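One structure is given below, encoded as structure tokens.
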Amino acid sequence: MSTTLKSDIELRLPDLTVVTASAGSGKTRTLTLRYLQLVLSERIPHADLRNILAMTFTNNAAAEMKQRVLDYLKALALGKGDVPAEIGDLASLHGQELRDRAEYVLEM
């Protein structure tokens with residue numbers, strides 16, 4: 001599991017996570033994982049889409065993060081294995097339950 005991100009059992013909103021690091025160190029990946037955790041987990045109170053704000057420093061990073069979120073959600077919904085393994089752990093969901101939740105989030 002990511003050492004930067006808390007598990008969904010520990011996470012409560014409002015929560016502010018600031019990720020600072022040098023270029024190429026994985027900031028966008030970390031923000032993408034947190035976003036996926038928030039929208040997939042059913043254990044985090046008030047984690048509705050309208051309550052989540054994700055900000056990046058550049059438009060390119062924002063576009064990349066948005067694309068990654070969509071790609072990961074689609075891969076999860078289709079049961080494909082090309083997603084970071086820790087997504088299931090961060091959201092406390094696995095197998096069919098994770099696929100169903102990803103499909104539900106995509107349809108929202």
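Only a predicted model underlies this, so the values are computations on that prediction, with no experimental measurement involved.
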- [ ] In plain terms, say whether Glu64 and Arg68 are close enough for a salt bridge, that is, a side-chain N and a carboxylate O under 4.0 Å apart.
- [x]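 Salt bridge present between Glu64 and Arg68.
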Open item on the list: Looking at Arg29 and Glu86, is there a salt bridge between them, counting it only when a charged N and a carboxylate O are closer than 4.0 Å?
Closed with: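 The answer is yes: the pair qualifies as a salt bridge.
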Please report the interatomic distance [atom1]([X]) to [atom2]([Y]), rounded to the nearest 0.5 Å.
X: Tyr72; Y: Gln67; atom1: OH; atom2: CD; answer: 11.0 Å
X: Asp71; Y: Lys80; atom1: CG; atom2: NZ; answer: 10.0 Å
X: Leu33; Y: Leu40; atom1: CG; atom2: CG; answer: 10.5 Å
X: Leu73; Y: Arg99; atom1: CG; atom2: CZ; answer: 14.5 Å

Considering only heavy atoms from C-beta outward, does the side chain of [X] approach that of [Y] to under 4.5 Å?
X: Leu70; Y: Leu106; answer: yes
X: Val69; Y: Leu36; answer: yes
X: Ser41; Y: Leu93; answer: no

If every non-hydrogen atom of [X] is compared with every non-hydrogen atom of [Y], which pair is closest and at what distance?
X: Ala102; Y: Ala77; result: CB-N, 3.8 Å
X: His94; Y: Asp89; result: CE1-OD1, 3.0 Å
X: Ala75; Y: Val83; result: CB-CG1, 3.5 Å
X: Met65; Y: Thr32; result: CG-OG1, 3.2 Å
X: Arg101; Y: Val39; result: NH2-O, 3.1 Å

- [ ] Examine Leu78 and Met108 and state if one hydrophobic cluster contains both, with Ile, Leu, Val, Met, Phe, Trp and Tyr joined whenever side-chain heavy atoms are less than 4.5 Å apart.
- [x]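 Per the 4.5 Å side-chain linkage, Leu78 and Met108 are not co-clustered.
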